[in-house]
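Here's the structure we're looking at; comments come further down.
Each ligand, and each atom within it, is numbered from 1 in the order the structure gives.
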Amino acid sequence: MQQYLLQDIQFLEGVGPKRADLLKQELNINTVEDLITYYPYRYVDRSRFHKISEVTSDMPHIQIRGQITGYASIGKGKGKRLVADFADGTGHLQLVWFRGAKWIPESYPIQKELIVFGKPTVYNRKINLVHPEMEDPAKKHAVSSKLQAIYSTTEKLKDHYLTSKAISKLLANLIKGLPAKFEESLPAWLLEKLNLVNLDGAMRQIHFPDTSAQYNKAELRLKFEELFYIQLNILQGKTERNKRFSGNVFETVGDNFNTFYKDHLPFELTAAQKRVMKEIRKDMGSGRQMNRLLQGDVGSGKTLVALMSMLIAMDNGFQACIMAPTEILAQQHFNSIGRFMEGMDVQVMLLTGSIKKADREPIHQGLLDGSVQILIGTHALIEDVVQFNNLGLVVIDEQHRFGVAQRARLWKKADVLPHVLVMTATPIPRTLAMTLYGDLDVSVIDELPPGRKPIITRHSYDSKRLQVFGFLKKQIATGRQAYIVYPLIQESEFMDYKDLEDGYESISRAFPPPEYAVSVVHGKMKPEEKEISMKHFVAGRTHIMVATTVIEVGVDVPNSTIMIIESAERFGLSQMHQLRGRVGRGTDQSYCILMTGYKISEEGRKRIDTMVRTNDGFEIAEVDLKLRGPGDIEGTQQSGVPFNLKIAHLGKDGQILQLARDTAENIIAEDPDLRLEKNYIFTKHIKKGNPNRISWGSIS
Ligand code: ADP
Ligand code: MG
């Protein structure tokens, strides 16, 4: 069986080398197993035939039984096409082929009984089926079913007649040739408990179901299995790690923390901050190594939580560090933590790429002898020359810029692994977090400090630009600053998106010196130039910052209260939300204005409406996940989604994911090493080289 499934796809009946190449290129189907796990995305009722007299152009794909009454070749050049008149006794419609139709009249002679399948459209007031799928009712599928599975294909595949129906035929051949049943990958007790169908049935019925109940059950079983093994893997890796790596026990909350909390903290913590502090303290005192993800919308006060955690580390005789993704952010942390620590006897140092060699020496020395207690920096922190005396806590800010591998390098810096707190302002929906960061425990700050005014968000068309500029001028006159953000620089003849350079020019014209000063920052600038430009803006010497998305992460200029996003329809939801988070950081009312032309896609409009409707990062993340699917969620590309889902959808299958997670948790709780007889199948399945196996163990 295994041999059959691992065969190169070209040896399957009906494929051959040419089609195999296409399947490999277009759909990444290389083996027989790849094909059987190429699941359909919907089904059409094959037992139902429509009458031509009732067909309208707003119907989805339909099936009709009838005969071709004549062929004609019409049009010239690109418009050249083959048209067949098709009749079923209730009326006529046209079948149309634009390319490669030479063989059609021969294969489907006039008056022969046929089944055609396609999406009705209207052309010249006639109903058309363009490039219909055709079937001889006398010739039956090797495996047939009442419902027909529909597979997504590409234009190129269709050009070579690898239509959905053709794929279905290949699958029929595949199933016909199976030498045995699919080997079950879940134990019988679990199938029974959750009322799931067996694998063999599911694999056949997902492709060839007779009823919708059948494919629903098959789908549930396969989705569950896919998500379950990911969760089992994650949880098992986590228990392994907990066993192998004990953590430093931070028993005491001492002078550093208490002095700060009682005498220096300028405000009351929010309830959410207090709750999260409790979670962190519990972790750090537990004797196992903390691996915690701290999620909180921009401005929710994560830095303060990080600082207090670091003070606890110091109270227990350990050093701590914060790693930020950019110099500007590291510098900002250094400034704000420096301010919080004023009047306290705590050594805080900054280490970034731009710090001169000569100045690094004493920092390195201070880290080694333990006199530097808190180190703040960029990825310069993970260089091998940086050695700590006694590193107890690592805080990683804006986590998606750091891959799992970089995290691992930090872990190597101490004998006993330091506790790790990962902070992110990219709200990740729970279902995704559970999978993507399933090895981390998650804390959420779901509350902003009091007194913040919610940002007012508006959508404005390009034609109203003068009004927007007028508003901007009024705000600048009261002392405020503004960001204007453009999509990344890329000239394209076909798209009339204003790129940043044009934008900068027109902004400079609309806001001329000496009254106005404009800064610009984009990705093609040298880091030093960027720094300088940023500094002017941060210091309030310029009024407007024209930028690409490089300002997306973390920059804090409380006086900047206006965020204008140009060509907003081109931005992803999370990205817009991140950008909007750059304003609303002070006590003044802030505004976000989304500029677009009149032409916006349906999805683009949904994104913009969502932004206008809500400031809630988690709600936005959920909508984003539904619209785009998890592979595209911002940030996940950089860290690399460590698995590839074939059937489950993290945005839509939240309930199944929860079931998979709970089930895996229960199993691991009862049998952490999966040694019990009844769980034997899990180990076997994982060993078999489950493609979704994530090797968390080798990371730590
Ligand atoms: P984040 O990193 O989550 O985006 P910050 O930690 O930068 O947020 O906090 C944003 C601002 O709010 C900072 O100026 C910080 O000092 C302030 N802040 C944090 N916690 C509180 C609180 N409980 N009450 C009032 N202000 C707070
Ligand atoms: Mg921050």
Number the atoms of ligand 1 from 1 as they appear, then name those within less than 4.0 Å of a heavy atom of Lys302, with their elements. 1 (P), 2 (O), 3 (O), 4 (O), 6 (O), 8 (O)
Any N/O of Gly299 closer than 3.5 Å to an N/O of ligand 1? yes
Near Phe340 (heavy-atom distance under 4.0 Å), the atoms of ligand 1 are 16 (O)
Side chains of Glu279 and Ser443: do they bring a donor and an acceptor to under 3.5 Å? yes
Side chains of Asp297 and His577: is there a donor and an acceptor less than 3.5 Å apart? yes
Are Leu294 and Thr424 packed together at the side-chain level, in the sense that at least one heavy-atom pair is separated by less than 4.5 angstrom? no
Asn291 and Gln289: side-chain donor and acceptor closer than 3.5 Å? yes
Which part of Gln273 is near ligand 1, with near meaning a heavy atom under 4.0 Å away: side chain, backbone, both or neither? side chain
Can you list the ligand 1 atoms lying under 4.0 Å from a non-hydrogen atom of Glu268? 22 (C), 23 (N), 24 (N)
Can you tell if the side chain of Glu603 reaches within under 4.5 Å of the side chain of Glu569, non-hydrogen atoms only? no
Is it the case that the ring center of Phe537 lies less than 6.0 angstrom away from the ring center of Tyr483? yes
Considering Asp397, Val305, Thr270, Thr303, which one's heavy-atom position lies nearest to atom 2 (O) of ligand 1? Thr303
For ligand 1, which atoms sit closer than 4.0 Å to a heavy atom of Asp297? 3 (O)
Which residue from Glu447, Arg452, Arg585 reaches closest to atom 11 (C) of ligand 1 through any of its heavy atoms? Arg452
Under 4.0 Å from a heavy atom of Leu269: which atoms of ligand 1 are those, numbered in the order shown and with their elements? 23 (N)
When you compare the side chains of Thr457 and Arg580, does any donor N or O come within less than 3.5 Å of an acceptor on the partner? yes
Which is closest to atom 5 (P) of ligand 1 in terms of heavy atoms, Gly301, Ala271, Ser300? Gly301
